[in-house]
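Here's the structure, in structure tokens; my notes come after.
Residue numbering restarts at 1 for every chain, and letters A, B, ... go by the order of the sequence lines.
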Protein chains: 2
Amino acid sequence: MPEQSTGPRPTLEAVAARAGVSRATASRVVNGGAGVRPPLVEKVRKAVDELGYVPNHAARTLVTRRNGAVAVIIAEPEFRVFSDPFFEQQVRGISRELTAHDAQLVLLWVEGPGDHDRIARYLGGGHVDGALAFSLHNDDALPAVIDRTRIPVVFGGRPSPGTSPAVPFVDCDNRGGAREAVRHLVDLGRRTIAHISGPQDQTSALDRIHGYRDVLVDADPALLCQGDFTEESGARAMAELLDRRPDVDGVFVANDLMASGALLTLRERGVRVPEDVAVVGFDDMDSVVRRTSPSLTTVHQDIEGMGRLMVKLLMRLLEGTGPEIPPSVITPTSLVRRDSA
Amino acid sequence: MPEQSTGPRPTLEAVAARAGVSRATASRVVNGGAGVRPPLVEKVRKAVDELGYVPNHAARTLVTRRNGAVAVIIAEPEFRVFSDPFFEQQVRGISRELTAHDAQLVLLWVEGPGDHDRIARYLGGGHVDGALAFSLHNDDALPAVIDRTRIPVVFGGRPSPGTSPAVPFVDCDNRGGAREAVRHLVDLGRRTIAHISGPQDQTSALDRIHGYRDVLVDADPALLCQGDFTEESGARAMAELLDRRPDVDGVFVANDLMASGALLTLRERGVRVPEDVAVVGFDDMDSVVRRTSPSLTTVHQDIEGMGRLMVKLLMRLLEGTGPEIPPSVITPTSLVRRDSA
DNA sequence: CCATGCTCTGAGAGCGCTCCCAGCCGGAAT
DNA sequence: ATTCCGGCTGGGAGCGCTCTCAGAGCATGG
């Protein structure tokens with residue numbers, strides 16, 4: 001039971017004095033106790049408990065040049081980013097893995113280019129050991145800003161080619177997943193397979209289109225319709241697709257939210273799923289998949305795992321000797337068959 | 001243009017040397033430059049720029065005992081908390097206000113009682129100047145854990161009476177808002193007004209029930225139905241209400257999400273809104289209100305503003321002389337009339 | 001011309017910690 | 001018994017910064 005010390009927080013000095021050892025030995029014990037004889041370790045541990053000693057983080061950082069904190073940079077482009085379940089899961093994974101590494105999560109919320117200066121100053125100021133960021137839009141200047149601080153960074157999602165040369169990132173196999181989804185529709189005997197894509201300035205959306213084209217090399221361009229990853233846009237795109245090609249019998253939708261919208265439109269128009277039109281989504285987002293009817297066949301990706309992976313990569317970067325750049329990671333996807341296809 | 005210094009980061013010492021002044025003077029300039037003659041200020045500023053000097057945060061913290069960081073404690077009880085638009089808005093407000101105060105947001109994600117120890121150690125370790133937390137469930141042990149660290153803290157939402165004595169908090173006028181909502185229904189001439197409440201272990205839900213009862217002192221208990229703040233629970237509650245009292249002509253729902261569910265049920269049953277049943281929600285959550293039909297009359301609260309207020313209160317606590325406890329703040333609510341009532 | 005008072009500057013003492021290095025001690029080898 | 005060695009321990013030097021305090025510099029008043 002720590003003493004209800006009323007004065008200032010006890011220092012290592014106090015612990016050492018109480019344990020009858022030197023500050024150096026006390027420090028060794030606090031940091032794992034390697035190379036200290038058991039009886040002394042015990043004494044120091046006891047003193048720590050009795051005094052309720054907690055190491056002063058600033059003092060430690062000052063000398064070790066490590067502060068055990070990692071910045072998570074959340075850029076908010078137009079609308080909701082945070083309330084996006086995708087982000088939630090990824091940040092959760094990050095948070096968990098960071099905790100496992102005894103590191104703290106410092107949230108940097110970027111609202112626009114006006115914040116770039118502040119962010120750069122913060123990252124450059126040695127407040128954090130590294131940073132985690134997400135590549136959102138191809139035209140985003142943020143990656144360059146982060147890169148310029150020369151702080152170790154790992155991206156979530158493959159940055160667009162325009163970005164700085166070799167930034168490690170974690171992404172799922174968007175293209176492969178898309179291929180699998182489309183092949184599944186083909187295997188089901190569908191002949192007229194459409195694709196509702198995401199915004200063209202995001203690599204994930206682009207990759208999924210490429211995956212679609214990989215399988216359907218000469219698909220009618222009329223079968224491609226662009227959405228913006230929202231449910232409404234999916235509904236709208238489906239309506240347009242139905243108007244353009246009433247004979248469509250399969251749709252691969254670039255994310256679950258849009259797929260849910262597409263399902264709504266199909267039901268409204270009296271089109272049976274999967275009998276008339278088979279639908280495959282992407283993401284396997286719990287909150288969406290659970291409530292669609294019929295239940296959504298979709299491409300699963302381990303979002304939380306990707307978050308954890310980002311942290312692991314960053315830790316390797318931080319501990320890594322020399323400026324060697326760790327390889328980026330592409331995580332596998334898998335098709336989850338439910339009722340919509 | 002900062003020099004592309006390749007070596008270690010420049011220190012104040014280096015800046016002072018380059019400017020031809022002492023470290024003390026350089027420090028003064030870096031910290032605002034009060035009491036330093038203009039020509040010297042200029043020289044130091046120039047040296048800072050040329051060297052690309054950024055103060056070492058740890059060293060500064062070590063002596064000032066302030067580190068310019070505030071913890072935001074997010075507890076995740078059962079399900080989504082983060083993806084909750086309510087939280088998003090509040091955290092956004094917090095983030096913005098913190099930025100305005102040049103303070104950082106350190107996110108502490110608590111997944112369960114197992115994390116309490118870690119959190120306590122972190123808060124007690126002087127990593128942050130203060131903490132912001134949210135009171136979620138009455139039975140939550142977290143407030144007590146936080147309180148024991150003796151770190152300044154401000155709560156979002158009124159903590160339950162069982163919690164530590166006098167913790168400052170920011171909450172909206174749940175009871176008053178509820179009263180206004182119910183009175184509006186009364187003014188509309190509704191005679192049989194029901195209430196769909198939130199979970200009874202949250203003070204906000206309780207306060208809203210109290211507001212309902214304030215106006216409808218002897219309402220039939222059958223008119224009270226409990227949900228859990230989710231859309232589905234609202235739909236279910238509405239169905240039950242309709243079964244119990246088919247003559248119901250007004251409903252005050254404890255949050256917008258449940259109100260949206262209630263609206264769905266009403267439409268399904270062919271009940272016209274607002275002609276047959278008038279519906280009033282609570283929160284004025286943009287994402288919900290915009291998509292209901294008819295558009296939802298609801299009680300507005302300034303969620304982002306509450307987040308900012310939490311920070312302001314905390315800052316006052318931190319700068320405050322002595323252990324004086326600043327008063328909690330109850331922010332006003334206002335009824336927003338739309339089509340559902 | 002010196003005393004006085006003011007403003008501005010710089011020397012230096014830490015803040016609490018880690019880590020290098022010298023020294024101590026006990027046991028094995030000679 | 002002496003030497004040597006290796007494992008432990010403690011002294012002490014900093015990490016980069018802030019802040020107190022003494023003193024330098026200058027202008028003013030007597």
**Item:** side chain to side chain contact (heavy atoms under 4.5 Å, CB included) partner of Val48(A), chosen from Val54(A), Val29(A), Leu12(A), Val15(A)
**Value:** Val15(A)
**Prompt:** Closer than 4.0 Å, any side-chain N/O of Asn31(A) to the OP1 or OP2 of dT18(C)?
**Reply:** yes
**Prompt:** Going by modelled atom types, is there a donor-acceptor pair between the base of dT18(C) and the side chain of Arg23(A) at under 3.5 Å?
**Reply:** yes
**Fill in**
Ranking Arg37(B) and Val63(B) by the position along DNA chain C of their nearest nucleotide, the one closer to 5' is Arg37(B)
**Message:** So, taking the atom named CG in Asp115(A) and the one named OH in Tyr122(A), what distance separates them when rounded to the nearest 0.5 Å?
**Reply:** 14.0 Å
**Asked** If you measure from the Lys or Arg side-chain nitrogens to the Asp or Glu carboxylate oxygens, is any gap between Arg96(B) and Glu111(A) under 4.0 Å?
**Response** yes
**Prompt:** Can you tell me if the side-chain N/O atoms of Ser22(B) get under 4.0 Å from OP1 or OP2 in dA11(C)?
**Reply:** no
**Prompt:** Taking the nucleotide of DNA chain D with the closest heavy atom to each, which residue, Gly20(A) or Val30(B), is nearer the 5' end?
**Reply:** Gly20(A)
**Request:** Select one nucleotide: of dC17(C), dG10(C), dT18(D), the one nearest the side-chain heavy atoms of Pro55(A).
**Result:** dC17(C)
**Message:** Does dT18(D) have its OP1 or OP2 closer than 4.0 Å to a side-chain nitrogen or oxygen of Ser27(B)?
**Reply:** yes
**Item:** Residues Glu88(A) and Arg92(A) bridged, charged N to O under 4.0 Å
**Value:** yes
**Prompt:** Hey, does the side-chain of Arg28(A) have a donor or acceptor N/O within less than 3.5 Å of a partner on the base of dG10(D)?
**Reply:** yes
